[in-house]
Colleague: 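One structure is given below, represented as structure tokens, and several questions about it will come after.
For reference, positions follow the sequence shown, starting with 1. Just so you know, these numbers use all the heavy atoms, side chains as well, and skip hydrogens, waters and symmetry mates.
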Amino acid sequence: MSETPPNTLQYRFDGPEDAPVLILGPSLGTTWHMWDRQVPELIKQWRVFRFDLPGHGGAPAYPAGSAAELTARLLTTLEGLGVQRFGYAGCALGGAVGIELALRHPERLASLALIAASPRFGTADEFRQRGVVVRTNGLDPIARSAPDRWFTGGFAAAQPAITEWAVQMVRTTDPGCYIAACEALASFDVRAELGSVGVPTLVLVGSEDQVTGPAEARTLVAGIPDARLAVVPGASHLVPVEQPAAVTDLLVRHFSTAWQPVFETATGQTALPAAATAPVLAAVPPQPAPVAEIAPPAPVPQAQGRPDPYDTGIKVRREVLGDAHVDGELARADAFSGDFQEFVTRYAWGEVWDRPVLDRRTRSCVALTALVAGGHLEDLASHTRAALRNGLTPDEIKEVLLQAAVYCGVPAASSAFRVAQQVVREETTPQE
């Protein structure tokens, strides 16, 4: 166990101190206990390091809003322990951390397993909407729906104790840290960089996973040059919990045979010995033969002068207004209105909304007030959604509209309240 400064992660070690280190990274809403049934077999060959995400499993609630920040905290933790080189297996958000390690710190990584992972997790809208629900209603609605996302129906019905464990695990997570982790998933997109992953990689997925399923797994395998695919039958998203023996067997085989030597350019580091031959495990359901598809590295764009603000603008516009709204606006553009859409994206979003002095919460307050003053109710609806995504609560939006009533007039504020009320209801109602 560990005491945890803000720039590190809560962790635990299991296994012999002189063995190669194998790190197991958790999924959003889980704790290191999701790996409990893998550890007894893995510690026969490795020193297993598990960590909790911020605010999960009783870890201190220091939110981390990106996979890169989580990766930096993991590396700081490992450096404090003298761990320089390791294998890594991560599930979902833990898998995003693994991809970050492979892309940004390849000299540290000997081998990689990505479980229920994706180069882009759904759409940014989905995770920012989840953050809105948590900010308004707390984690209980998310906790109650977790078994449906994580397990097959048959497993959930047959294992009520595990199902209740899953619900309680989410319910006891810090809401602010959960929202920040949702933002980390919303902003994660490495589709163009997969060709730069140079470490041996196992991509493992449950055949019934409806969150990050076989299609996403095949995208990873197609993009990572040295990757193999394993599909576990009869498992959903939290496959290490639902099919522990099959996952353990696949991890042992992968890390026993695919442990990359230390980089020649790494100084002061010693290559860890390869793990011994995998032990014979109890019989598990037959697995399909792993397959690998090779893809050429993605081209690296060459920077030329000042970046076009359009590129930043479309990114910020999507983050604030949501993909669905922006896609609709761009789809409706034609030869007559296309230049205006480009103008708005480049200057309103790429220049003004991206300026550093005001944060997005403050900019949303200003935007809502200005739209009330101008009577722009159609845009008020989209910016009310944006304000919720930017971190304003329904009560804070109400206060902005009350303030606007004083300075913009009661009739204008009355119309604005009707629009905002409908949006808040839609956005903060948990999805069953």
Side-chain angles (χ1 to χ4, degrees), residues 1-12 23-36 50-71 73-74 77 90-97 115-117 121-122 124 126-151 156 159-188 211-212 236-242 388-389 391 393 428-432:
M1 299 292 292
S2 61
E3 294 183 3
T4 312
N7 65 334
T8 61
L9 297 172
Q10 177 171 284
Y11 69 89
R12 68 174 290 166
I23 298 175
L24 303 179
S27 174
L28 171 63
T30 73
T31 71
W32 62 42
H33 290 295
M34 67 164 283
W35 297 104
D36 279 353
R50 289 182 282 172
F51 64 90
D52 277 330
L53 299 169
H56 292 57
Y62 305 123
S66 69
E69 186 175 353
L70 287 170
T71 303
R73 293 191 193 184
L74 174 60
T77 306
C91 183
L93 179 54
V97 171
I115 300 167
F121 290 83
E126 296 171 21
F127 288 101
R128 293 194 172 106
Q129 166 70 13
R130 195 184 297 185
V132 170
V133 170
V134 173
R135 194 175 290 113
T136 307
N137 302 285
L139 273 166
D140 188 65
I142 302 295
R144 285 187 281 107
S145 63
D148 292 336
R149 295 192 303 274
W150 288 352
F151 306 129
Q159 300 287 344
I162 293 178
T163 301
E164 180 59 23
W165 162 79
V167 171
Q168 293 302 322
M169 191 163 46
V170 178
R171 190 171 280 149
T172 56
T173 298
D174 176 78
C177 289
Y178 188 96
I179 292 168
C182 286
E183 179 60 35
L185 288 169
S187 61
F188 185 76
V211 181
T212 48
S236 187
H237 189 60
L238 217 58
V239 59
V241 176
E242 192 163 7
L388 289 166
R389 289 192 178 92
T393 66
T428 61
T429 300
Q431 301 297 313
E432 297 298 334

Colleague: Name all residues meeting the side chain to side chain contact (heavy atoms under 4.5 Å, CB included) criterion together with Asn137; count only those two or more places apart in sequence or in a different chain, and write none if there are none.
Modeller: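 With neighbours one apart ignored, the set is Val133, Pro141, Thr428, Pro430.
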Colleague: Answer whether the closest heavy-atom distance between the side chains of Ser27 and His237 falls below 4.5 Å.
Modeller: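 Ser27 reaches His237 side chain to side chain.
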Colleague: Looking at every heavy atom in both Glu242 and Trp150, which two are closest together, and how far apart are they?
Modeller: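 In terms of heavy atoms, the two residues are closest at OE1-O, 3.9 Å.
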Colleague: Quick one: pull up CZ in Phe188 and CG in Leu93 and give me the separation to the nearest 0.5 Å.
Modeller: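 One gets 9.0 Å once the value is rounded to the nearest 0.5 Å.
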Colleague: Any non-hydrogen side-chain atom of Pro54 less than 4.5 Å from a side-chain atom of Leu70?
Modeller: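 Side chain of Pro54 against side chain of Leu70, heavy atoms only: contact under 4.5 Å found.
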Colleague: For Gly29 versus Tyr178, what's the shortest heavy-atom pair and its separation?
Modeller: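 It is CA-CE1, 4.2 Å.
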Colleague: Between Thr77 (side chain) and Thr8 (backbone), is there a donor-acceptor pair under 3.5 Å?
Modeller: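 Such a contact is absent between Thr77 side chain and Thr8 backbone.
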Colleague: Salt bridge between Glu69 and Arg73, side-chain N to carboxylate O under 4.0 Å?
Modeller: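 Counted as a salt bridge, because a side-chain N and a carboxylate O are separated by less than 4.0 Å.
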Colleague: Which atom names give the shortest non-hydrogen contact between Val170 and Ala146, and what distance separates them?
Modeller: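 Closest approach of Val170 to Ala146, heavy atoms only: CG2-CB, 4.0 Å.
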Colleague: Between atom CG of Leu53 and atom CG of Leu9, what is the distance when rounded to the nearest 0.5 Å?
Modeller: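 Reported value, rounded in 0.5 Å steps: 7.5 Å.
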Colleague: If you round to the nearest 0.5 Å, how far is CZ of Phe127 from CG of Leu28?
Modeller: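 The CZ atom of Phe127 is 7.5 Å from CG of Leu28, to the nearest 0.5 Å.
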Colleague: Could you walk me through whether Asp36 and Arg50 pass the side chain to side chain contact (heavy atoms under 4.5 Å, CB included) check?
Modeller: CA-CA 10 Å; Asp36 279 353; Arg50 289 182 282 172; 2.7 Å; yes
Colleague: Can you name the residues that form a side chain to side chain donor-acceptor pair (under 3.5 Å) with Glu164, not counting sequence neighbours?
Modeller: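 Per chain and number, Glu164 pairs via side chain to side chain donor-acceptor pair (under 3.5 Å) with Gln168.
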Colleague: Distance from Ile142 atom CD1 to Cys182 atom SG, nearest 0.5 Å?
Modeller: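 Answer rounded to 0.5 Å: 7.0 Å.
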Colleague: Measuring from Met169:CE to His33:NE2, what's the distance to the nearest 0.5 Å?
Modeller: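 Atom-to-atom, Met169:CE and His33:NE2 are 9.5 Å apart.
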Colleague: Could you tell me which non-hydrogen atom of His56 sits nearest to which non-hydrogen atom of Thr31, and how far apart they are?
Modeller: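 Nearest heavy atoms, His56 then Thr31: C-CG2, 4.4 Å.
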Colleague: At their closest point, which heavy atom of Asp140 faces which heavy atom of Arg171, and how far apart are they?
Modeller: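 Taking Asp140 first and Arg171 second, the nearest heavy atoms are OD1-NH2, 2.7 Å.
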Colleague: Looking at Asp174 and Leu139, what are the two nearest heavy atoms and their distance?
Modeller: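 Shortest heavy-atom separation between Asp174 and Leu139 comes out as C-CD1, 4.2 Å.
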Colleague: Let's go through Trp32 and Gln10 carefully: what are the C-alpha distance in whole Å and the side-chain angles of both, what is the deciding distance for side chain to side chain contact (heavy atoms under 4.5 Å, CB included) to 0.1 Å, and is it a yes or a no?
Modeller: CA-CA 10 Å; Trp32 62 42; Gln10 177 171 284; 3.8 Å; yes
Colleague: For Pro147, give me all partners under side chain to side chain contact (heavy atoms under 4.5 Å, CB included), at least two apart in sequence or on another chain.
Modeller: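 Counting only residues at least two positions away or on another chain, Pro147 forms a side chain to side chain contact (heavy atoms under 4.5 Å, CB included) with Phe151, Thr163, Val167.
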Colleague: Test your reading of the model: is there a side-chain donor-acceptor pair from Arg135 to the backbone of Leu388, 3.5 Å cut-off?
Modeller: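 Between the backbone of Leu388 and the side chain of Arg135 there is a qualifying donor-acceptor contact (under 3.5 Å).
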